[in-house]
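Below is one structure; the comments refer to it alone.
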Amino acid sequence: MLETRPSICRFCHSHCPILVDVEDGQPVRVSGDRDHPVYHGFTCPRGRSLPTQHTGPQRLLHSRKRTSRGEFEAVPHDRAIAEIAAKVQDLLDRYGPRSIALYIGTMAVPYPASAPMAMAWMDSIGSPMRFMPATIDKPAKAIAPALHGRWGAGAPSFSNADAWMIVGANPLVSKSIGAPPYNPAWHARNAVDRGLELIVIDPRRTETAKLASVHLQLRPGEDPTVLAGLVRAVLHEGLHDGDFVRENAIGLDSLRSAVEPFTPEYVEQRAGVARDQLLRAARLFARAPRAFAVAGTGPNMSPRGLLSEYLLLCLNTLCGHWLREGDAVPNPGVLAPTLPPKAQPIAPSPGWGFGERLRVRGLTNTASGLPVSALADEILLDGEGRVRALICVGGNPLLAWPDQQRTVEAMRKLDLLVTLDVEMSATAKLSHYVIATRLSLEQPGCTLPLEAIGSYAYAMGYEVPYAQYTPRIVDPPRDSDVIEEWELFLGLAREMGRKLVLASAFPWIHPQGEPVRTELDPAHPPTTDELLAMLTSGSRIPLEEVKRHPHGAVFPDPSIRVQPKDADCTAKLELADETLLAELEEVARECVAAPPDLPFRLICRRMADVYNSTGRAIPKLLRKHPYNPAFLHPEDLRALGAAPGDVLAIRSSHGSILGVAEIDAGLRRGVLSMTHAFGDVPEDRTDTLVRQIGSNTNRLIPVDRDYDPHSGIPRMSALPVQVCLYEGAVPE
Ligand SMILES: Nc1nc2c(c(=O)[nH]1)N[C@H]1C(S)=C(S)[C@@H](COP(=O)(O)OP(=O)(O)OC[C@H]3O[C@@H](n4cnc5c(=O)[nH]c(N)nc54)[C@H](O)[C@@H]3O)O[C@H]1N2
Ligand SMILES: Nc1nc2c(c(=O)[nH]1)N[C@H]1C(S)=C(S)[C@@H](COP(=O)(O)OP(=O)(O)OC[C@H]3O[C@@H](n4cnc5c(=O)[nH]c(N)nc54)[C@H](O)[C@@H]3O)O[C@H]1N2
Ligand code: SF4
Ligand SMILES: [Mo]
């Protein structure tokens with residue numbers, strides 16, 4: 001019998017509402033929820049491939065354990081949990097809590113209980129070693145606002161703006177940042193049709209840039225120069241909001257002199273952005289009544305990403321582009337309690353230098369978390385405090401962490417590597433235990449994660465008070481043994497005789513919010529629904545009410561408006577952070593000639609049909625390319641004597657890979673644009689399978705040279721490389 005059930009797609013973080021056709025207990029088809037008021041029926045090929053992801057041959061249906069001969073055998077999940085608990089306890093007894101680390105990857109996000117339960121377990125064993133991809137993604141998203149201060153009322157929304165600046169993000173493909181992540185193409189086209197002036201700063205004429213009024217096609221890595229140039233132009237032309245700045249910010253004079261060298265002529269010569277275009281962008285942006293500027297992974301992964309994010313915040317503040325007293329609040333929170341926003345600064349706080357200290361490169365905890373780029377070294381470096389066990393939830397270090405070779409060595413050195421995954425990922429292949437988990441349609445869920453992402457950074461998440469809940473839609477395949485991620489942590493606590501205390505999600509949404517804490521009894525496991533209720537405790541709209549709208553709903557409350565500034569508020573936004581203005585001085589002084597032996601710049605890029613490494617095991621998603629093409633400008637390709645489809649040899653100062661050439665006429669000359677998270681565990685054989693599995697750009701990226709001294713993020717975009725035609729043979 002065929003039945004159609006509403007649910008939420010959790011293949012990526014956009015959380016699209018979907019209709020799932022279920023036949024004989026199996027998902028057979030996914031379609032968009034046509035008349036949906038927020039997503040307008042959108043789905044993408046990944047969402048429509050959920051049935052294949054759930055029932056295809058790549059699916060891991062039983063947990064596995066690596067034997068002494070290096071092969072994998074199936075193991076019942078409860079036995080695996082008991083064995084892992086014993087091993088962890090032994091390491092704790094011998095080496096202390098710091099020897100146990102946790103990595104919460106990208107695909108833990110769609111499951112609201114995963115990370116909080118993992119954290120509760122880490123609390124129970126007292127280990128501070130918790131890592132998330134944020135520090136190899138956009139670390140400056142959290143660190144720059146710490147140094148600048150935050151604006152209590154938040155940013156204007158895309159859908160109401162008159163101008164919008166997107167720096168190194170491509171929301172039309174990534175559906176992540178810069179435009180509403182729910183059907184971004186619909187929202188962006190609508191906005192442009194009603195007159196939004198879109199300014200895009202990107203070395204590539206992206207899908208998003210094609211909608212722009214101004215596209216500044218800069219040289220990769222030159223964002224600090226261009227953004228300092230924009231700040232200078234705004235100040236020189238007196239386009240800033242003097243009243244707002246006087247009332248709410250300090251440091252204007254220092255900022256003004258620091259940006260002085262960045263004249264339009266200097267920016268043009270250095271960053272390759274025409275003078276008139278720069279000035280036009282500055283004017284459009286500053287004169288717009290409602291506008292905002294936001295950066296994506298491009299500048300964050302390029303050198304001095306923190307400085308770029310900081311200059312962007314300064315630009316927003318100089319122009320007064322923040323919500324003001326009496327303004328409507330785009331999203332006052334739905335599955336979180338509400339705290340009425342106030343039109344006032346929240347004072348700066350430390351960006352780094354607190355909490356756990358790492359043993360390498362002087363790195364510390366940061367506002368963006370512990371630096372992931374140092375975790376391989378924490379495993380490799382002998383001595384007290386060495387990390388000996390890693391639990392990896394919905395992440396794939398082998399393909400995603402910079403410096404793949406070092407990551408491989410680190411994973412091989414661990415006493416215990418446990419991976420929770422839905423397939424035998426590259427990281428799973430090196431694990432001692434692989435815990436097979438339930439896929440999304442087999443777990444209840446809700447839109448809390450996207451709501452939380454919205455408070456992590458400006459211009460992410462929902463700008464409408466939308467929420468949806470989904471029950472479990474199907475049972476796991478017959479004869480399988482799969483668990484939800486949180487069940488591992490409750491099971492470990494039970495085996496180890498520990499208590500788990502779960503904190504509600506309130507502080508994810510409002511850092512000043514005090515969470516509600518619930519002690520769990522491992523002997524009487526809660527249901528996932530009970531966990532969701534605990535996580536959303538005190539929410540503005542009760543979870544039970546959200547459940548009454550199986551297709552999701554908008555829960556407005558027009559009475560919630562931006563409150564006036566507190567009479568005793570003395571906080572100011574900082575325009576002249578000492579460390580960053582010193583860095584800007586260095587930029588003005590530095591020599592920028594490309595090393596002659598590495599004339600190209602490799603930049604980051606997302607492919608529409610895969611999500612980092614997720615989706616690569618689903619053949620129909622890779623119909624166009626089973627690999628990650630090496631995109632070049634057609635003239636560059638011709639100059640190399642190569643044609644589309646030829647194999648290229650790509651070399652950095654650190655490593656080399658192969659790539660299959662493809663043209664992209666929208667690229668600047670001298671730029672190589674390529675997606676990460678392809679390839680496999682590196683072996684001689686896999687390295688030449690470039691046409692079959694692509695290659696891993698993280699082989700080219702060292703972690704201990706050319707990195708941000710605070711977040712540790714290495715140069716992952718704008719990386720100097722050499723490209724030439726590969727003379728060897730590869731399997732066709
Ligand atoms: N389809 C798909 N969607 C995804 C993902 C995926 O893998 N596939 N991944 C998800 C994840 S984990 C994240 S973090 C987000 C990322 O979301 P985005 O940040 O929007 O990622 P991209 O689409 O790669 O956009 C980055 C842009 O930066 C540009 N760029 C590169 N170097 C520079 C530079 O030096 N300066 C400037 N100004 N621009 C530069 C690139 O040309 C590219 O257009 O996407 C998420 N969404
Ligand atoms: N060179 C370079 N490196 C990069 C980037 C780049 O642009 N360039 N981007 C960086 C960014 S932005 C990020 S966020 C990181 C990502 O880093 P990671 O999060 O470590 O990498 P992913 O590939 O997203 O890992 C997702 C894993 O989850 C598994 N998975 C998929 N669905 C499920 C599920 O439902 N449940 C469970 N348990 N597992 C599931 C997948 O099989 C995969 O193994 O990579 C970073 N690395
Ligand atoms: S955009 Fe993301 S959530 Fe929406 S259908 Fe595609 S994979 Fe699913
Ligand atoms: Mo990311």
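Any value given below was found using the heavy atoms of this structure, including those in side chains, with hydrogens, waters and symmetry copies removed. Atoms within a ligand are numbered from 1 in the order they appear, just like the ligands themselves.
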ask   = Can you list the ligand 2 atoms lying under 4.0 Å from a non-hydrogen atom of Ile701?
value = 1 (N)
task = Could you tell me whether any N, O or S atom belonging to His13 is less than 2.8 Å from atom 2 (Fe) of ligand 3?
result = no
query = What atoms in ligand 2 come closer than 4.0 Å to a heavy atom of Thr614?
reply = 26 (C), 31 (C), 41 (C), 43 (C)
message = For Asn396, which part has a heavy atom under 4.0 Å from ligand 2: side chain, backbone, both, or neither?
response = both
message = Below 3.5 Å, N or O to N or O, backbone or side chain included: is there any such pair between Tyr611 and ligand 2?
response = no
query = For atom 18 (P) of ligand 2, what's the nearest protein heavy atom and its distance?
reply = Tyr103 OH, 3.4 Å
task = Answer side chain, backbone, both or neither: which part of Ser613 comes under 4.0 Å from ligand 2, heavy atoms only.
result = both
request  = From the options Gly394, Gly105, Ala108, select the one whose nearest heavy atom is closest to atom 26 (C) of ligand 2.
outcome  = Gly394
message = With a cutoff of 4.0 Å, is Phe42 in contact with ligand 3, counting heavy atoms of the residue only?
response = yes
key: Proximity of Trp401 and Phe131 rings by center, below 6.0 Å   = no
message = I need the atoms of ligand 2 closer than 4.0 Å to a non-hydrogen atom of Met301, numbered in the order shown.
response = 5 (C), 6 (C), 7 (O), 9 (N), 10 (C), 12 (S)
key: Proximity of Tyr627 and His625 rings by center, below 6.0 Å   = yes
request  = Would you mind running through ligand 2 and noting each atom that sits below 4.0 Å from a heavy atom of Glu485?
outcome  = 36 (N), 37 (C), 38 (N)
query = Numbering the atoms of ligand 2 from 1, which are under 4.0 Å from a heavy atom of Leu439?
reply = 35 (O)
key: Closest approach of Gly655 to Leu700 (non-hydrogen atoms, all atoms of both residues)   = O-CD2, 3.1 Å
request  = Considering the heavy atoms of Leu420, write down every atom of ligand 2 situated less than 4.0 Å from one of them.
outcome  = 38 (N), 39 (N)
note = Min over Cys12, Cys16, Cys9 of heavy-atom distance to atom 2 (Fe) of ligand 3 lands on Cys12
task = Specify the closest pair of heavy atoms between Thr407 and Ala376, including all atoms of both residues, with the distance to one decimal.
result = CA-CB, 4.4 Å
ask   = What part of Trp401 sits under 4.0 Å from ligand 2 if we count only heavy atoms: the side chain, the backbone, both or neither?
value = neither
ask   = Can you tell which part of Arg606 has a heavy atom less than 4.0 Å from ligand 2: side chain, backbone, both or neither?
value = side chain
Side chain to side chain donor-acceptor pair (under 3.5 Å), paired with Arg606, selected from Thr206, Asn612, Thr675 = Asn612
request  = For ligand 3, note which part of Lys175 has a heavy atom under 4.0 Å away: side chain, backbone, both or neither.
outcome  = side chain
inquiry  = Quick check: Arg438 and ligand 2, any N/O pair under 3.5 Å apart?
reply    = no
task = Provide the number and element of each atom of ligand 2 under 4.0 Å from a heavy atom of Thr437.
result = 36 (N), 37 (C), 38 (N)
message = Measuring from atom 45 (O) of ligand 2, which candidate in Ser440, Ser425, Gly296, Ala400 has the nearest non-hydrogen atom?
response = Ala400
ask   = Are Arg715 and Tyr707 in a cation-pi setup, meaning NZ or CZ lies under 6.0 angstrom from the ring centre and within 45 degrees of the ring axis?
value = no
query = Of the non-hydrogen atoms in Pro682 and Arg699, which two are nearest, and what is the gap between them?
reply = CB-NH1, 3.3 Å
task = Examine all N, O or S atoms of Cys44, backbone included, and report whether one is under 2.8 Å from atom 8 (Fe) of ligand 3.
result = no
inquiry  = Looking only at distances, can you tell me whether any N or O atom of Asn698, backbone or side chain, sits closer than 3.5 Å to an N or O atom of ligand 2?
reply    = yes
query = Only one of Asp137, Ile136, Asn170 forms a side-chain contact (heavy atoms from CB on, under 4.5 Å) with Thr297, so which one is it?
reply = Asp137
message = Using every non-hydrogen atom in the two residues, find where Met129 and Met122 come nearest and quote the distance to one decimal.
response = O-CE, 3.5 Å
ask   = Any idea how Tyr39 and His36 line up, ring-wise: parallel (<30°), tilted (30 to 60°), or perpendicular (>60°)?
value = perpendicular
